[in-house]
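Source: prediction; values computed, not measured.
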2 protein chains.
Amino acid sequence: MKKPELNNKDHVKLARFAKALSHPTRLFILKFLSCCESCYTGNIVNELPIAQSSVSQHLKELKEAGLIDGTIETPKVYYCINKKNWELAKKMFAKFF
Amino acid sequence: MKKPELNNKDHVKLARFAKALSHPTRLFILKFLSCCESCYTGNIVNELPIAQSSVSQHLKELKEAGLIDGTIETPKVYYCINKKNWELAKKMFAKFF
DNA sequence: AATATTAATCGTATATTTGCGATGAACTAT
DNA sequence: ATAGTTCATCGCAAATATACGATTAATATT
């Protein structure tokens, strides 16, 4: 097997995905989005014991990591899994192990 | 699909693994351990541009997450992948996606 | 125009992470 | 005994993460 490189681009990308997955609340949100029809921020907030602003922060992080997308349907925001990056992350984790 | 639970034990465990994987240096170390014969701390330090104390810190985190084991062979310390937990993490990530 | 709804963002507090150099512990070799 | 090797830990600084209440922005309703 070949020697790994530091700051290998894949490692940076994978680390980014891993970071997004590194908090139980975010794992919960991802699972929730992957199984429910109503995926507005409010629906997620209702399922969690933390403040709306905190949920919003977690959603922002998942969005910045590319794992979810948000669509404004004023005054609500609809969230869903970004399937392309979800598959990419899945593949990258599978490849890593 | 059933509704996810907050603080689901699997989520806490998976988040722990994800956190261990959330830094490029740690991904590098894991890859290095999984492909090299000489896996003493010094070998790893030599491959990285960061201080020995920082590497030691990353090794500690990987160890606490259960992904690696360290064996003292004074004055060196030999590190290797903890295969049981490695497989467990692999399965948990695969199941999650 | 005034009010209500929804969700992001701001400001703040606290905790954790990351990195470093210096030091210490456990030996080995001279 | 002294010096050298290897690696963990300490103490510190800076950056980042987590959570909260309050505020703001965008829009719909009355």
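Comparing D:dC20, C:dA8, C:dT17 against the side chain of A:A51 picks out D:dC20 as the nearest. Listed nucleotides: C:dA7, D:dA8, D:dT5. Nearest to the side chain of B:P75: D:dT5. The side chain of B:I50 sits closest to C:dC20 out of D:dC7, C:dA8, C:dC20.
Between A:F17 and A:F93, a ring centre-to-centre spacing not shorter than 6.0 Å is recorded.
Taking 4.0 angstrom as the limit, B:K19 places a side-chain polar atom (N or O) nearer than this to OP1 or OP2 of C:dT17. Within the structure, a side-chain polar atom (N or O) of B:H58 is placed less than 4.0 Å from OP1 or OP2 of C:dG19. A close approach under 4.0 Å does occur between a side-chain nitrogen or oxygen of A:H23 and OP1 or OP2 of D:dA19. B:Y78 has no side-chain polar atom (N or O) that falls below the 4.0 Å cut-off from OP1 or OP2 of D:dT6. Contact annotation: B:S54 side-chain N/O to C:dT18 OP1/OP2 distance is not under 4.0 Å.
Nucleotide C:dA25 holds its P atom 23 Å from the CD atom of B:E73, rounded to whole Å. Taking atom CD1 on B:I72 and atom P on C:dC27, their separation rounds to 8 Å, with Å as the unit. Whole-Å rounding puts the B:L21 CG to C:dT17 C1' distance at 16 Å. In this structure, CG of A:L59 is placed 16 Å from P of D:dA17, rounded to the nearest angstrom. Atom NZ of B:K60 is separated from atom P of C:dG19 by 15 Å (rounded to the nearest Å). In this structure, NZ of A:K76 is placed 13 Å from P of D:dA28, rounded to the nearest angstrom. The nearest whole Å value for the distance from the OH atom in A:Y79 to the P atom in C:dT6 is 15 Å. B:Q52 has its CD atom 18 Å from the P atom of D:dG4, to the nearest Å.
Taking 4.5 Å as the limit, every side-chain heavy atom of A:E61 sits out of range of all side-chain heavy atoms of A:K19. Residues A:V55 and A:I50 have side chains in contact (heavy-atom distance under 4.5 Å, counting atoms from C-beta outward).
In this structure a side-chain-to-backbone donor-acceptor pair under 3.5 Å is missing from B:N85 to B:L88.
The aromatic rings of B:H23 and B:H58 lie tilted to each other, with the angle between the two planes from 30° to 60°.
Heavy atoms of B:S53 sit under 4.0 angstrom from at least one base atom. Among the atoms of the strands shown, only primed sugar atoms or phosphate atoms (P, OP1, OP2) are found under 4.0 Å from some heavy atom of B:T41.
Between A:V77 and B:E61, the residue anchored nearer the 5' end of DNA chain C, judged by the nucleotide with its closest heavy atom, is A:V77.
Not a single donor-acceptor contact under 3.5 angstrom links the side-chain atoms of A:Q57 to the base of C:dA8.
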